[in-house]
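The block underneath contains the structure these notes are about, expressed in structure tokens.
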Amino acid sequence: MTGPQTTDNAQIEAALGRLFYTENHRIVFWNDPERVFQYTVPFLHLPDVKIMRLDQIGTLEAKIRLEREDPTGRYLVYSPTE
């Protein structure tokens, strides 16, 4: 697949990669109130980063997973809200 979508994904992956791998963030929150990227998120390739969608799981479940079940894992926490 080529074209604007591929370029956008590459730019997004590069920016997120800097946050996770260069700046060593464990958790990155991505708020997308306009839901512009809701169909892009599943196709991102970020090795060793789990994507957690707050529109698909509850906040309590997310908190338990991040703090107790997997306190060292890397997560992109996507929320289609402000």
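All values below were derived from every heavy atom in this structure, side-chain atoms included, with hydrogens, water molecules and symmetry-related copies excluded.
With hydrophobic clusters built from ILVMFWY side chains whose heavy atoms lie under 4.5 angstrom apart, Val28 does not share a cluster with Met52. Connection of Leu60 to Phe29 is not established within any shared hydrophobic cluster, with ILVMFWY side chains joined at heavy-atom distances below 4.5 Å, either directly or through further cluster members.
Within a 6.0 Å sphere centred on CD of Gln56, other residues, nucleotides and ligands contribute more than 12 heavy atoms. Residue Phe43 qualifies as open at atom CZ: its count of foreign heavy atoms under 6.0 Å is 12 or below.
Between Ile64 and Glu61 there is no side-chain heavy-atom pair separated by less than 4.5 Å. The shortest distance between side-chain heavy atoms of Tyr78 and Asp32 falls below 4.5 Å. Taking the side chain as every heavy atom from C-beta outward, Arg74 and Lys50 never approach each other to under 4.5 Å. A 4.5 Å side-chain heavy-atom check between Ile57 and Arg65 finds at least one atom pair inside the cut-off. Looking at Pro80 and Phe37, their side chains never come closer than 4.5 Å, going by heavy atoms from C-beta outward. For the pair Ser79/Asn31, a side-chain contact is recorded, criterion being any heavy-atom separation below 4.5 Å from C-beta on.
Under a 3.5 Å cut-off, the side chain of Glu13 and the backbone N or O of His45 do form a donor-acceptor pair.
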Worksheet entry | Verdict with supporting geometry, Arg53 and Val77, side chain to side chain contact (heavy atoms under 4.5 Å, CB included) | CA-CA 6 Å; Arg53 292 185 57 129; Val77 181; over 6 Å; no
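If you run side chain to side chain contact (heavy atoms under 4.5 Å, CB included) between Ile12 and each of Leu46, Thr40, Val41, only Thr40 comes through. None of Leu19, Leu76, Ile51 except one satisfies the side chain to side chain contact (heavy atoms under 4.5 Å, CB included) rule with Trp30; the exception is Leu76.
Note: Arg18 CZ to Asn24 CG = 15.5 Å, rounded to the nearest 0.5 Å. The CG atom of Asn9 sits 10.5 Å away from atom CG of Leu16, with the distance rounded to the nearest 0.5 Å.
Checking Asp70 against Tyr75 by side-chain atom types alone, a donor-acceptor pair falls below 3.5 Å.
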